[in-house]
A.B. asks: 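First the structure, which I've put down as structure tokens, then a few questions once you've had a look.
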Amino acid sequence: MTEEIIIAGFGGQGVLSMGKILAYSGVMQNKEVSWMPSYGPEMRGGTANVTVIISDERISSPILNAYDTAIILNQQSMDKFEKTVKPGGLLIYDPNGLTRLPERKDINIYSIEAADEAGKRGLSKIFNMIVLGGFLKLKPLVAPEFIHKGLEKSLPARHHALIPENEKAIEIGKELLKPVHILN
Amino acid sequence: MGELRLMKGNEAVAEAAIRAGCDGYFGYPITPQSEVMEYLMAEKPFERTGMVVLQAESEVAAINMLYGGAGTGKMVMTSSSSPGVSLMQEGISYMAGAELPAVIVNIVRGGPGLGTIQPSQADYFQAVKGGGHGDYKMLVLAPASVQEMCDHVKLGFEKAYQYRTPVMILSDGAIGQMMEKVVLFDQVPRRTDAELIEQCPWASNGRPKTRNHNIITSLDLDPAGQERVNLKLQAKYKVMEQNEVLYEEIQCEDAEYLFVAFGLSARICQKAIDMARAKGIKVGLFRPITLYPFPSIEVSNVGNRVKGILVVEMNAGQMIEDVKLSVGCKVKIEHFGRFGGIIPAPDEVVRALEQKIIGG
């Protein structure tokens, strides 16, 4: 099993930390992982993305231009990454703020209104965990107990009290997912 | 087994320095390697092992602090990125001349000039052909993973002291910034003063009555003396060339074509191998791990068994010169590169193999 994922959105949405929690959970489950962030000029302009690879085998290139899954959280990222999903692959997006929805017919597409839900609950910081929950429902690459360990490892100890809230957000995300275009 | 962590390449370098028993780190911030010093400052090794961490006023100051520290036998390290390493070249040449051990990490970014902050391999020539003046070499290690970023620091210090030479770790912004699993080696205690005096009888760290002054210098105005220094250095490099070559061969046994690549490019080539083999193209990878000493005999052995070689680098064609010198002219050798911070994608590499080598 190898899963190649791009997570892309604005800086501040928790894109990099979501990738880190996913990667650390993979490590806890004894998978091979790589986490490759954008750190260049595009990041300094406000957008952020991270490539996460989780595999049972040694990972070759940490840099890719085609992905099994794209998790897209703003319009710039939709414009850049919709076309990079492999045929038959998966695209998950949050419609909040999007002006153009995905148009591909050869991939599975789901929406998740995570920004809206996080706003309603007054918990903008768990936005990324809601999105992660949606992804994990479709691709349960790591078991919940390892997500827990991943959270413990990636969050500083002073934030460990917030782990149950993060886990709850993941569960909320699983319920929020809506199919948009499903391949037969 | 050691401790398992998920770390950035830059963080792994920093933690490895602490664990290798490093006495001092001197550096100046520059993207994409600033996490090395950030990690050290946060980790406070001055409380953990007594290791000094100092932000110098410039890269020029940092490399001269290395010269001073190494001159007393202390285990010292610096890190920077391309423009900063250019500033250090005078000091590196002096250290090679004075035979001072140290580890210098270059997390390469796109040049020339200030260039960009994105990854590149365009400092190959500077690292292996002597970016400073005079006939000198450094042992140059090219890690291709976060694990190797960690391991090469320890190996680098071992070799630096074994040969009394500066050692360079030549990595790039992508390997510095990315996180992978790393198994950390156990803490090696910092050497005591008594151990240091025993292991570094050449060091200038206080003269006991039993010997003359140890003088650390790269200056000898007498040309005959300076030639002797050069002959000694060249003899040392010969031994390094015989004993210190490191490389990796991947899927070379049945290969009809060969990629030669180091560092991040080698990782991209591994993906390209999978894609090419799915199309029925039997291609393998030869990955030099030491860039100096270059694995000349080894790449020649593999290279002369195949129909064509594509050297893949994030530069305009630097290591290809060493590949050509090694393999000779019986086999077709071409270069594929992206520059200025662009990382080649695996499918681009496969296309280049098809166009430049198989179809060309």
Side-chain angles (χ1 to χ4, degrees), chain A residues 2 4-7 16-45 48-68 81 83-84 86 142 146 149-156, chain B residues 4-10 31-35 42 107 109-110 116-120 144-147 172-183 250-251 259 261 263-275 285 287 312 314 338 340-350:
Chain A
T2 298
E4 297 170 336
I5 307 157
I6 179 87
I7 309 171
L16 299 186
S17 59
M18 174 177 163
K20 188 176 171 184
I21 289 163
L22 186 59
Y24 235 129
S25 306
V27 171
M28 294 293 109
Q29 201 168 323
N30 207 22
K31 305 272 188 195
E32 297 299 321
V33 304
S34 86
W35 177 94
M36 179 75 227
S38 59
Y39 70 93
E42 77 264 49
M43 183 176 158
R44 288 159 196 222
N49 67 68
V50 60
T51 302
V52 176
I53 307 173
I54 299 182
S55 181
D56 293 321
E57 288 144 40
R58 177 176 164 178
I59 292 168
S60 54
S61 175
I63 313 276
L64 303 165
N65 57 352
Y67 305 92
D68 298 307
F81 293 112
K83 56 182 176 284
T84 66
K86 294 177 193 170
V142 275
F146 295 110
K149 286 187 184 166
L151 282 163
E152 277 180 350
K153 281 279 186 180
S154 12
L155 295 175
Chain B
L4 176 69
R5 283 213 222 152
L6 183 69
M7 293 183 109
K8 284 190 172 194
N10 287 336
T31 307
Q33 67 77 53
S34 295
E35 291 86 357
I107 307 294
R109 60 189 248 180
T116 174
I117 58 175
Q118 297 288 86
S120 165
S145 64
V146 175
Q147 184 67 56
D172 68 73
I175 295 176
Q177 293 293 327
M178 78 177 180
M179 287 201 291
E180 289 187 312
K181 279 204 300 201
V182 53
V183 178
I250 294 172
Q251 291 181 271
F259 292 128
L264 181 68
S265 294
R267 294 286 293 272
I268 293 160
C269 285
Q270 284 174 53
K271 184 87 182 174
I273 287 174
D274 294 342
M275 295 166 86
L285 168 68
R287 174 171 80 95
V312 180
M314 281 146 53
R338 298 294 305 265
I342 300 285
I343 302 171
D347 60 342
E348 270 182 280
V349 173
V350 175

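Here is the naming used below: chain letters follow the sequence lines, and residue numbers restart at 1 for every chain.
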A.B. asks: Quick check on B:Ile273 against chain A: is it the side chain, the backbone, both or neither that has a heavy atom closer than 4.5 Å?
C.D. replies: neither
A.B. asks: So which part of B:Leu6 gets closer than 4.5 Å to some heavy atom of chain A, the side chain, the backbone, both or neither?
C.D. replies: both
A.B. asks: Just how far is it from atom CG of B:Asp172 to atom CD of B:Gln118, taken to the nearest 0.5 Å?
C.D. replies: 10.5 Å
A.B. asks: Are any side-chain N or O atoms of A:Trp35 and backbone N or O atoms of B:Lys8, one a donor and one an acceptor, separated by less than 3.5 Å?
C.D. replies: no
A.B. asks: Is there side-chain contact between A:Glu152 and A:Met28, with at least one heavy-atom pair below 4.5 Å?
C.D. replies: no
A.B. asks: Counting only non-hydrogen atoms closer than 4.5 Å, does A:Lys31 touch chain B with its backbone (N, CA, C, O), its side chain (CB onward), both, or neither?
C.D. replies: backbone
A.B. asks: Is any NZ, NE, NH1 or NH2 atom of the basic residue among B:Lys181 and A:Glu32 found under 4.0 Å from an Asp or Glu carboxylate oxygen of the other?
C.D. replies: yes
A.B. asks: Say you draw a straight line from CD1 of B:Ile268 to CD1 of A:Ile63; how long is it, rounded to the nearest 0.5 Å?
C.D. replies: 6.0 Å
A.B. asks: Between B:Arg5, B:Met178, B:Met179, B:Lys271, who has the most heavy-atom pairs with chain A when the cutoff is under 4.5 Å?
C.D. replies: B:Met179
A.B. asks: Just give me the residue among B:Gln177, B:Glu348, B:Gln270, B:Glu180 that pairs up with chain A most often, heavy atom to heavy atom, under 4.5 Å.
C.D. replies: B:Gln177
A.B. asks: Is a side-chain N or O of B:Arg109 found less than 3.5 angstrom from the main chain of B:Thr31, in a donor-acceptor match?
C.D. replies: yes
A.B. asks: Counting only non-hydrogen atoms closer than 4.5 Å, does A:Ile59 touch chain B with its backbone (N, CA, C, O), its side chain (CB onward), both, or neither?
C.D. replies: both
A.B. asks: Below 4.5 Å, heavy-atom pairs only: which of A:Ala23, A:Ser34, A:Ala66 has the largest tally toward chain B?
C.D. replies: A:Ser34
A.B. asks: By a 4.5 Å heavy-atom criterion (distance strictly below it), what part of B:Leu264 contacts chain A: side chain, backbone, both, or neither?
C.D. replies: side chain
